[in-house]
Amino acid sequence: MSAPTTTTASSLRRRTDRFGYVFIAPAAICFLAFLAVPIVYALYVSFRREQVVGLGPGAGGRTEVWAGLGNYAAVLADSEFLASALRALVYGLVLVPTMLGLALLFALLLDSRRARLRRLARIAIFLPYAVPAVISSLLWGFLYLPGTSPFHFLAEAVGGGLPDVLSPQLVLLAIANIGIWGGTGFNMVVLYTSLRSVPSELYEAATLDGCSELQTAVRIKVPMILPSLIMTCVFSIIATLQVFAEPMLLRPLTNSISTTWSPLMKIYRDAFTENDIYTASAGSVLVALATFVISFGFLRLVRSQAFAQEER
Amino acid sequence: MTSATPPRPSWRPSRRRLLQSGAGLGAAGLAGGALAGCGSASSSAPVELTFWTWAPGIEEVVALWNQQNPEVQVLVSRQDAGDAAVTKLLTAVRAGNGAPDVVQAEYQSITSLVAFDAIADIAEDLDPGTVEHFAEGIWSSVGIGDGGVYAIPQDTGPLQFYYREDVFEELGLSAPETWEEYAEAARVVHEADPSMYLGTFSSTDPGLFVGLAQQAGASWWQIDGERWKVEIDAEPTRRVAEFWGGLVEEGVISAEPMYTPQWNAALNDGTQIGWVSAAWAPGVLEGNAGSTAGSWRMSTIPQWEPGANSTGNWGGSATSVVVGSDHQAEAVRFAEWMNTSADGVLALVEHSGVFPADLANAETALEAPPEFFSHQSDFYEHSTDNADGVQPFTFGPNVNVTYSLFNDAFGAATRAATAAAFANAVTTVHEGTVADLENQGYDLA
C-alpha cells in the first residue's frame with residue numbers, strides 16, 4: 001500500500017513544481033526583459049566605442065569597435081565625474097542624516113501619548129512625497145529665485161535681506177532641501193508603522209519602571225525600530241547616488257549648477273547631449289557598482305548591532 | 001537601440017521599412033520577396049507623412065496642406081524644442097522604428113543629424129526653383145559642403161536690439177549704434193536705478209552667444225578641404241567674450257540666465273529694459289512681458305564697426321526628411337510647399353509667427369508688424385534689412401557638445417565675473433570641442 005502512495009505524492013510534487021514555474025513566469029519574464037537583458041546590454045555597450053570612418057557624415061560614416069576598459073578608464077580619469085561624485089557624497093551627508101533625523105523625530109512625536117490630530121499630521125507630513133520631484137523642483141525654483149520669491153519679497157518689505165540660495169556656496173543645500181522636503185514624509189511613515197508594531201506591554205513595563213516619555217523614546221522605541229531605520233537609511237543612500245531631477249530642473253535658473261553637477265547628470269549628458277552611449281554605459285555601471293558597495297558596506301557595518309536583537 | 005551597424009548604403013530598405021511593409025502586406029509580402037516592400041503604398045490610399053515639429057500653431061498650416069492635397073496627408077506630432085527633439089530623433093533612427101518622415105531641425109543641429117545618418121540628402125527630389133527662394137547664407141547652412149541638401153529653410157532669427165523706448169527717452173538715451181555706445185548706455189541705465197539693467201549675459205543660451213560671435217566675424221567650425229577645423233578660440237569670439245565679461249565685471253549688466261521666471265518678472269516690472277534677440281522676439285516679449293506692451297522698440301543690433309550692417313543668427317529652423325522614409329518625394333513636396341509657396345509662408349507667418357527664410361514670399365507675408373510692435377509699422381522691413389547683414393557661419397558635427405561646454409564654462413565665468421574668466425571660458429570651450437572631435441575619431445585640420 002505504501003509504494004503507490006509515495007509515487008502519487010512524488011508525481012504530485014513534480015506537477016506542483018511545474019505549476020510553480022508557470023506561476024513565476026510573468027515575474028521572471030518581466031525581470032529578464034526589463035532588468036536583466038538591459039543590464040547585460042549596458043555592460044556590453046560599456047566595452048564598445050564608436051569611431052568615425054573617413055570623413056564622418058552620411059551612411060556608414062561610423063563604426064563600432066571594442067574599447068576594452070577604455071570607457072571605464074576615461075570615466076574614472078574624468079575630473080568632472082569625480083567632482084560630481086564628490087558633490088553627491090556631500091549632498092548625501094547633508095540629506096540622509098537631516099531627512100532621517102526629521103522623519104524619526106516626527107514619527108516619535110506622532111507616536112507619543114500626548115499627540116493630537118495624529119491622522120491629519122501624518123497626512124500633512126506625508127503629502128510632499130506625493131508631489132513628483134519635477135513639480136516640487138519647479139515650485140522650489142520659484143521660491144528660491146530672488147526675483148519671484150515671496151520670502152525675499154517679505155524680507156525686503158521689513159527691511160532685511162536674504163542670501164541667494166542659488167549662489168554657488170548654497171546651491172547644494174537648496175537642492176538637498178528639496179530632497180528633504182519630499183522624502184521626510186515617506187520615511188516618517190515607514191518608521192511610524194514600525195513603531196506601532198512594537199508591543200505595548202513594553203511601554204507599560206517601562207512606565208511602571210518610571211521611564212519618562214523621552215527615556216522611553218530613546219531607550220526603547222529607537223532600538224526597537226533600528227532595523228527600519230537602517231533600511232530607510234540604505235534606501236536614502238541609494239536615492240542620494242541617483243540625485244538627478246532636482247539639480248537638472250534648477251540648472252536653467254542659475255549659473256551655479258553645471259551640466260555635470262551629479263553623477264547621473266554627467267551620464268545623461270554623455271548619453272543624450274553628446275550621443276556617447278558607450279561612455280554613459282560605463283558611467284552607469286560604475287554608479288551601480290558604487291551603490292552596491294556603499295549599501296552592502298553600510299549594512300555589514302551596522303548589521304551586528306541592528307539585528308542582534310532579532311537573533312537573540 | 002541597435003549598435004551602429006556596419007556601413008549600409010542609404011538606399012537599402014531599413015528595418016522600419018521592412019516592418020511597415022510586413023505589417024501592410026502580411027507574411028505574403030515577405031515571402032514574395034523584400035522588393036515588394038518598396039512599392040507598398042497603393043495608389044488609392046492617401047500617403048501619410050508624420051511630421052515632428054514644435055512650431056506654435058503649425059497644425060493650422062498643416063491643415064491647409066491636407067485640405068489642398070488629399071493624396072498626401074500630414075500628421076503633426078508635437079515635440080519638445082531643440083536638443084530634446086534631436087535626441088529623440090537619433091534614438092528613433094538608431095532603434096530602426098518610430099522615426100517620422102519629416103522633422104523640424106534647427107540649423108545648428110543639421111550637421112550632427114547628417115553625421116549620425118538621420119536626415120536624408122534631398123537634392124534629387126528638389127524643385128530646381130527652390131534654391132532661388134533663399135539668401136545664400138541660409139542656403140549654405142542646409143548643406144554641409146558636399147553638394148547635398150539636407151533641409152529646406154523655414155525661418156531665421158537675425159539678431160537685432162530691443163529696448164524700452166519710454167525708459168530710454170526718460171534717461172535721454174538713444175538706441176546704441178555701436179557696442180561702445182551699448183556699454184555706455186548700460187552704465188547710464190544701471191546708475192540711474194541700481195536695480196535696472198540694459199541686458200543680461202546668460203550662460204544658458206549658447207545660441208545667442210554664437211550669434212554675437214557670428215556678428216563679430218567668427219565661424220566656430222570650418223571645412224578645410226576634407227577635414228574639420230575648429231576656430232572658437234580666435235579673435236572675434238574672444239573680443240565678444242571679453243566685451244560681455246567686462247560689462248559683467250563692472251556690474252552694469254545682469255548675469256542671470258534668460259528664460260527663468262525671474263527674468264520674465266524683470267522684463268515685466270521694468271528692471272530688464274533691453275534685449276539683444278532675434279526677429280522672433282516679439283512673441284516672447286508678448287508672452288513674458290505683456291504689461292509692457294507698446295513701450296518696446298526694435299533697432300539694428302549695435303555694431304563693432306560704426307556704420308556697418310552685420311549681425312548674427314539666433315535660432316530658426318529648417319524642414320528635413322528622415323533617412324528611411326518611404327515617401328521622400330512627397331515629404332520634399334510638403335516641405336517645399338510649407339516653406340516656399342505663397343500659401344505656406346503666409347500661413348507660417350500668421351499661425352506660427354515665424355520670420356520666414358523665404359525671400360520671395362516674405363514681403364507680402366510680412367506686411368503688418370507683429371501685434372506686440374504694432375506701433376512700429378516698419379518692423380519687418382527693418383528686420384529684413386537686418387537679415388541682409390547675417391554673416392556666414394558653419395556648424396560642425398558636435399555642436400551639442402560645444403553648447404554643453406559653453407553652459408559649464410560660461411556658468412563658471414559668470415560666477416567669477418571677470419573679463420579674464422570670460423576669455424578663459426572661450427579657451428575651455430575650444431579645447432573641449434577639439435578633444436571631443438578627436439575622441440570621436442575625426443581627423444582635424
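Judged as a ring-ring contact (aromatic ring centres under 6.0 Å, His included), and not counting sequence neighbours, the contacts of F422(B) are F201(B), F410(B). With sequence neighbours excluded, the residues satisfying side-chain contact (heavy atoms from CB on, under 4.5 Å) with T428(B) are A409(B). Take L145(A) and apply the side-chain contact (heavy atoms from CB on, under 4.5 Å) test, not counting sequence neighbours, and it matches T148(A), L166(A), L253(A), T260(B), P261(B), Q262(B).
If you tally non-hydrogen atom pairs under 4.5 Å between each of S167(A), S258(A), S149(A), A74(A) and chain B, the highest count goes to S258(A). Put simply, of P257(B), A255(B), A412(B), A265(B), the one with the most heavy-atom pairs under 4.5 Å next to chain A is P257(B).
Contacts between residues 398-408 of chain B and chain A, counted as heavy-atom pairs separated by less than 4.5 Å, involve N400(B), V401(B), S404(B), N407(B), D408(B).
Annotation: side chain of L170(A) is in contact with side chain of P163(A) (closest heavy-atom distance under 4.5 Å). Two residues are said to be in side-chain contact when any heavy atoms from C-beta on lie closer than 4.5 Å; H190(B) and L198(B) fail this criterion.
In this structure, the separation between CG on L89(A) and OG on S84(A) is 11.0 Å, given to the nearest 0.5 Å.
Using a 30° and 60° split on the angle between ring planes, Y91(A) and W261(A) fall in the perpendicular class, above 60°. Ring pair F209(B)/W220(B) is tilted by interplanar angle, where 30° to 60° counts as tilted.
For chain B, the nearby part of T254(A) is the backbone; its heavy atoms alone come within less than 4.5 Å. Neither the backbone nor the side chain of A266(B) comes within less than 4.5 Å of any heavy atom of chain A. Of the atoms belonging to D205(B), not a single heavy atom falls under 4.5 Å from chain A.
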